[in-house]
Participant: 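Sharing a structure here in structure tokens format.
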There are 4 protein chains.
Amino acid sequence: MYSKFLNLSPDKQERILNAALKEFSQKGYEKASTNEIVKEAEISKGLLFHYFKNKKELFLFLYDHFVEIIMDEFYSKIDWNERDLLMRFREITVLEFELMKKYPDIFNFFMAAYHEESADVKIELEKRNKEILVSSYQKLFTDIDTSKFKQGIDINRAINIIIWTMEGFSNEQQKKEKLRSVDQINMDEILSEINHYLNLLKTFFYA
Amino acid sequence: MYSKFLNLSPDKQERILNAALKEFSQKGYEKASTNEIVKEAEISKGLLFHYFKNKKELFLFLYDHFVEIIMDEFYSKIDWNERDLLMRFREITVLEFELMKKYPDIFNFFMAAYHEESADVKIELEKRNKEILVSSYQKLFTDIDTSKFKQGIDINRAINIIIWTMEGFSNEQQKKEKLRSVDQINMDEILSEINHYLNLLKTFFYA
Amino acid sequence: MYSKFLNLSPDKQERILNAALKEFSQKGYEKASTNEIVKEAEISKGLLFHYFKNKKELFLFLYDHFVEIIMDEFYSKIDWNERDLLMRFREITVLEFELMKKYPDIFNFFMAAYHEESADVKIELEKRNKEILVSSYQKLFTDIDTSKFKQGIDINRAINIIIWTMEGFSNEQQKKEKLRSVDQINMDEILSEINHYLNLLKTFFYA
Amino acid sequence: MYSKFLNLSPDKQERILNAALKEFSQKGYEKASTNEIVKEAEISKGLLFHYFKNKKELFLFLYDHFVEIIMDEFYSKIDWNERDLLMRFREITVLEFELMKKYPDIFNFFMAAYHEESADVKIELEKRNKEILVSSYQKLFTDIDTSKFKQGIDINRAINIIIWTMEGFSNEQQKKEKLRSVDQINMDEILSEINHYLNLLKTFFYA
DNA sequence: CATGAATGAGGATTCATTCAT
DNA sequence: AATGAATGAATCCTCATTCAT
């Protein structure tokens, strides 16, 4: 499908990808201008549509492309030997923060995509997100050890509380970071804070 | 500032407000068309700009207007005698669900506004949200009784876990509801689920 | 529907109508450029679309508008007292030639419309043409006297031969005229030729 | 001129011809897309323009090519021994219907070409049509026997009436056929109808 | 108060054709 | 011979805002 694009010189591929990434993350799908993208990528107006049928396809290609890149790195870095549930969550959250620090533009793009309201792409995005969610769940929580949980605890709801806590913390952190520049993210501080929360939860959930 | 608009016949005010609300919640700030708004409200193009300097002002007026309406109803319905922290959270969450069911259009508008990426209004919205958040906090958690908490618990982080749990549950619920129609929301089910989570948290946090 | 347009100053209406008529008859629906139309009419790009939702509506409005003009003049000039079939056909054909000479641009537009292949407008045009054909038939051939026909003649097929002869002659004439300029059309010659054909047919069909 | 193209493998020639035929008959000259043609023919963009200087040349080559094919078959099937004028017309019309049924795509292409308004090709087409018309006339009506005509009849005008009757019938038939599918064409019915008209004309013209 | 005509830059996309490989 | 990348002008149409009436 996109073999045409992938045969382009890597330099030009990258210019197009980065220009599009930047424009979409800054302005969202609808307001992003293909004019700006070609200007930034220094290609002609026609070429963009030679490789991508339309704006929607460009956007979705970008999404799939960067999801793959991030996912690959994510899964390759997970310590699959750690089978304790809370420790697995800890790792996931920490890895997320690290990747966010390493690829801020991509994560901005993901954020924009997540909140995209445009009917054109919303359904496609939701379809992809569902798939990603399901496959992630399977990969990340298979063979997980839940034996440490206190007896009588509703494990499903407990897991939800853990997830929502990590999400909530993550969101709050991102809000704070928008005010500072990316470089000022202090990983140590974040790690320490994550540990605090996980210890609290461990006290509650584990025997 | 908007005295001109507020002197209009209530009928016309309402037509404009509803037309704008509908357009903005369906399409978001950028894509919303003032053309469609005036058509729906059955007023002339010029009149809209007679009352609101520009699209941005209309949007922000709308936001302030409906925030006020919702907040007033919210605060008037809170049982200020309930001073237990978890019970207060319970009430807040339940009230939110009730208002969401009563005014779905307004909440759609709020959701759209919350995720609005347009540079034009984003800063203004963030300013307002910060104010609302701060003043809400003061109103909702002043004179709250935290004496029931287990000794040695980090109350601030515990509160965050409660907040994030309620938020997480709320978000998940909204995702589910998007698939059904508004009428099918089953408040009893939701209430029961909220109670489950709060009981879990109570077990952990309370002595 | 087009009340907005019809409230415009007659001067501007005419400029727009003529510019569009010219562009559409010269290039056909698809290739006609709205850019050229606004340039020729000396109005802004936006204004055209303020009055007509899109190119299609403009085209169809033009069609309806000029059909009405031509039809009104046509029907007002027919001698409704002449009830002989061949004489009625004679009148119709002559009137057509006169109107063609008077409004060559409009007839060019009609020709272009008749052969329009663009899916966008084809169906709408066919619908209109069917209606026009049916109503014309009713108006033009009601109370017609066919008593002069020879006995035993298949009147329906005879009428078809008359129609096709008049059509064929008309088409041939138009082909010839394309090579000359409009002014050189010699009505006397045409009239004489029409009479020749009708006399031939009269010899055959009438007792 | 087109020796390059004619040296191509017959398979590829045919793919290109059919793809172009299909695209041009469906969309007309202007709207036909060379992109679609190469896609359908499964050749590269450059190759098409290697063989045909431009779209116009491709179109005209196609026209000449299929005119030749159809004409050859047409002339080979005419019964040159039949020298009666009306019978010759009968044969021409019937053969046309048969060829139309056999090669519907080609005739659609011819129809589209006949009504083509695009300045690019219109003049060239008219030139060709004139030549074809003249040479056809010479071939088809040389050595024709007109001795059966009633004395005193204006033979040239009589012939025109016959031509226009056959044309008119043919056009009407095609209009009807557009509504049905090609397979439903009932040749017997058509033949019978043609005979009716020719008998009528025979009564008038022949002694 | 109220109207709606007017603007023109900017939106995404298509197009036939060229040319280096 | 054959490829397909590259061009950029042209396409229709939308938009928020202004202003004369």
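Because only heavy atoms are used, hydrogens play no part in the values below, and waters and symmetry mates are left out as well, while side chains stay in. Below, read A as the first sequence line, B as the second, and so on, with proteins coming before strands; counting in each chain starts at 1. Bear in mind the structure is a predicted one, so any value in this text is a computation, not a measurement.
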Participant: Nearest heavy-atom pair of D/Ala113 and D/Leu125: which atoms, and what distance?
Facilitator: O-CD1, 3.4 Å
Participant: Whole angstroms only, please: what is the CD-P distance between C/Glu23 and F/dC12?
Facilitator: 9 Å
Participant: Ignoring the backbone of D/Leu47, work out which of E/dT17, F/dA2, F/dG4 is nearest its side chain.
Facilitator: F/dA2
Participant: Whole angstrom is fine here: how far is it from NZ in A/Lys56 over to P in E/dG11?
Facilitator: 21 Å
Participant: Give C/Leu48 one of three labels, base, sugar-phosphate or nothing, depending on what nucleic acid heavy atoms sit under 4.0 Å from its own.
Facilitator: nothing
Participant: Whom does E/dG4 pair with, Watson-Crick or G-U wobble, provided both distances fall under 3.5 Å?
Facilitator: F/dC19
Participant: Are A/Asp64 and A/Arg128 within salt-bridge range, i.e. N to O under 4.0 Å?
Facilitator: yes
Participant: Take the protein atom NZ of A/Lys31 and the nucleotide atom P of F/dT14, then report the distance between them rounded to whole Å.
Facilitator: 19 Å
Participant: With a 4.0 Å cut-off, would you call B/Glu131 and B/Lys127 a salt bridge?
Facilitator: no
Participant: Closer than 4.0 Å, any side-chain N/O of D/His50 to the OP1 or OP2 of F/dA2?
Facilitator: no
Participant: Would you mind telling me which of E/dA2, F/dA9, E/dA5 lies closest to the side-chain atoms of A/Lys45?
Facilitator: F/dA9
Participant: Without decimals, in angstroms, what is the distance between D/Asp11 CG and F/dA2 P?
Facilitator: 12 Å
Participant: In whole Å, what is the span from the CD atom of A/Glu30 to the P atom of E/dA12?
Facilitator: 9 Å
Participant: Select one nucleotide: of F/dT17, E/dT17, F/dG8, the one nearest the side-chain heavy atoms of B/Phe49.
Facilitator: F/dT17
Participant: What is the separation between atom CZ on B/Phe5 and atom P on E/dA2, rounded to the nearest whole Å?
Facilitator: 12 Å
Participant: Under 4.0 Å: is that the gap between some side-chain N or O of D/Asn35 and OP1 or OP2 of E/dA16?
Facilitator: no
Participant: Figure out the NZ/P separation between B/Lys55 and F/dT17, and round it to whole Å.
Facilitator: 8 Å
Participant: Nearest to the D/Tyr51 side chain among F/dA2, E/dT7, E/dG11, which nucleotide is it?
Facilitator: F/dA2
Participant: Under 4.0 Å between a side-chain N or O of C/Ser33 and OP1 or OP2 of F/dT11?
Facilitator: yes
Participant: Are the ring centres of D/Phe59 and D/Phe52 closer than 6.0 Å?
Facilitator: no
Participant: Using a heavy-atom cut-off of 4.0 Å across all strands, would you classify A/Asn7 as base, sugar-phosphate, or nothing?
Facilitator: nothing
Participant: Test D/Phe110 against every option in D/Tyr103, D/Tyr63, D/Phe66 by the ring-ring contact (aromatic ring centres under 6.0 Å, His included) rule and name the one that passes.
Facilitator: D/Tyr63
Participant: Return the nearest nucleotide to the side chain of D/Thr34; candidates are F/dA16, E/dT17, E/dG8.
Facilitator: E/dT17
Participant: Of A/Ser44 and C/Tyr29, whose closest DNA chain F nucleotide lies nearer the 5' terminus?
Facilitator: A/Ser44
Participant: Hey, which of these two, C/Asn54 or A/Leu8, hits DNA chain F nearer its 5' end, going by closest nucleotide?
Facilitator: A/Leu8
Participant: Just how far is it from atom CZ of C/Phe5 to atom CG of C/Leu58, taken to the nearest 0.5 Å?
Facilitator: 8.0 Å
Participant: For C/Glu36 and F/dA9, what is the distance between atoms CD and P respectively, to the nearest whole Å?
Facilitator: 16 Å
